[in-house]
K.L.:
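I am attaching a structure below and will ask some questions about it afterwards.
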Amino acid sequence: MSEQYASVRYVVDDVQAAIGFYTTHLGFTVRMSAAPAFADVVRGPLRLLLSGPASSGARATPADAATAGRNRIHLVLDDLDAEVARLTDAGVAFRTGVVSGPGGRQILLADPAGNLVELFQPAH
């Protein structure tokens, strides 16, 4: 049986920029690239499908849903503060500050196309 992934599709403006962002900053690896149309990157059980403007996934998206939404992938970390410091040093800008709740702490950043990514550290 082939490896099973949970897949999420993000429509992006620039597939190569998205590949660079996810592999350089968030620990994804390239599974397959057909840039500039499409790429498939993975981190653990998450398969992120990066669909450029020419891809079938982007063409199937209704025009009224052309902007990045409020949904996001959720990456669980052991040390949120260390990850925020590392990404800040790498020049990554955050969309929010750290927010704390009963379940843990989180912060949001955006990929080059504006798709949100949540970094989350569970409460102990």
Side-chain angles (χ1 to χ4, degrees):
M1 187 167 140
S2 66
E3 192 166 359
Q4 295 295 307
Y5 295 104
S7 297
V8 174
R9 181 182 309 279
Y10 269 175
V11 176
V12 300
D13 301 322
D14 182 332
V15 171
Q16 201 59 51
I19 290 170
F21 176 82
Y22 285 100
T23 60
T24 300
H25 300 302
L26 298 178
F28 283 77
T29 57
V30 177
R31 187 166 179 251
M32 189 279 288
S33 176
F38 174 82
D40 179 348
V41 297
V42 296
R43 176 182 163 160
L46 174 60
R47 178 178 178 223
L48 189 54
L49 310 172
L50 303 170
S51 296
S55 70
S56 60
R59 290 191 324 263
T61 303
D64 65 352
T67 59
R70 293 172 48 121
N71 297 314
R72 56 196 178 248
I73 60 172
H74 172 93
L75 303 177
V76 178
L77 309 168
D78 292 327
D79 188 342
L80 183 63
D81 295 326
E83 191 68 4
V84 168
R86 183 186 71 78
L87 291 168
T88 300
D89 288 347
V92 174
F94 291 89
R95 296 291 310 274
T96 66
V98 174
V99 175
S100 296
R105 300 167 58 234
Q106 63 185 279
I107 192 168
L108 298 181
L109 60 148
D111 73 10
N115 296 300
L116 294 175
V117 176
E118 177 183 327
L119 304 180
F120 179 81
Q121 180 181 343
H124 297 289

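As a basis for the values below, the full set of heavy atoms in this structure was taken, side chains included, without hydrogen atoms, waters or symmetry mates.
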K.L.:
Within a strict 4.5 Å, meaning less than it, do heavy atoms of the Phe28 and Arg47 side chains meet?
P.N.:
no

K.L.:
If you group Ile, Leu, Val, Met, Phe, Trp and Tyr by side-chain heavy-atom gaps below 4.5 Å, do Val42 and Leu48 land in one group?
P.N.:
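Each belongs to a different hydrophobic cluster.
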
K.L.:
Above 12 or not: heavy atoms from other molecules or residues under 6.0 Å from CG of Asp89?
P.N.:
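Yes.
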
K.L.:
Kindly compute the distance separating CG (Asn115) from CD1 (Ile73), expressed to the nearest 0.5 Å.
P.N.:
9.0 Å

K.L.:
Taking all atoms of both residues into account, what is the closest heavy-atom pair of Ala17 and Pro112, and its distance?
P.N.:
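Closest heavy-atom pair between Ala17 and Pro112: O-CG, 3.8 Å.
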
K.L.:
I'd like to know if Val76 and Val99 are part of one continuous hydrophobic network [Ile/Leu/Val/Met/Phe/Trp/Tyr, side-chain heavy atoms within less than 4.5 Å].
P.N.:
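Val99 does not cluster with Val76.
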
K.L.:
Can you give me the closest heavy-atom contact between Leu80 and Gln121, atom names plus distance?
P.N.:
N-OE1, 2.7 Å

K.L.:
Rounded to the nearest 0.5 Å, how far does CG of Leu50 lie from CZ of Phe38?
P.N.:
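One finds 7.5 Å between CZ of Phe38 and CG of Leu50.
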
K.L.:
Would you say that Asp14 contacts Phe21 through its side chain, given a criterion of any heavy-atom pair below 4.5 Å between the two side chains?
P.N.:
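No; the side chains remain at least 4.5 Å from each other.
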
K.L.:
Within the structure provided, determine whether Leu108 and Glu118 are in side-chain contact (heavy-atom separation under 4.5 Å).
P.N.:
yes

K.L.:
Any link between Tyr22 and Phe94 through a network of hydrophobic side chains (Ile, Leu, Val, Met, Phe, Trp, Tyr) touching at under 4.5 Å?
P.N.:
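Yes, Tyr22 and Phe94 fall within the same hydrophobic cluster.
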
K.L.:
Measure the CG-OG distance between Leu46 and Ser7 for me, rounded to the nearest 0.5 Å.
P.N.:
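With rounding to 0.5 Å, CG (Leu46) is 7.5 Å from OG (Ser7).
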
K.L.:
Output the distance between atom OG1 (Thr23) and atom CZ (Arg43), rounded to the nearest 0.5 Å.
P.N.:
12.5 Å

K.L.:
Give me the atom names and distance for the closest heavy-atom approach of Ala35 to Ser33.
P.N.:
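Closest pair (atom of Ala35, atom of Ser33, distance): N-OG, 3.3 Å.
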
K.L.:
Evaluate whether atom CZ of Arg95 has more than 12 neighbouring non-hydrogen atoms of other residues, nucleotides or ligands under 6.0 angstrom away.
P.N.:
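It does not: Arg95 CZ has 12 such atoms or fewer within range.
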
K.L.:
Do Asp111 and Leu26 have side-chain heavy atoms sitting under 4.5 Å apart?
P.N.:
no

K.L.:
Just how far is it from atom CG of Asp81 to atom CG of Leu119, taken to the nearest 0.5 Å?
P.N.:
11.5 Å

K.L.:
Could you measure the distance from the CZ atom of Phe120 to the CG atom of Leu77? Nearest 0.5 Å is fine.
P.N.:
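Here the rounded value is 10.0 Å.
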
K.L.:
Between Tyr10 and Leu116 (side chain of the first, backbone of the second, donor and acceptor by atom type, cut-off under 3.5 Å), is there such a pair?
P.N.:
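Side chain of Tyr10 to backbone of Leu116: a pair is present.
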
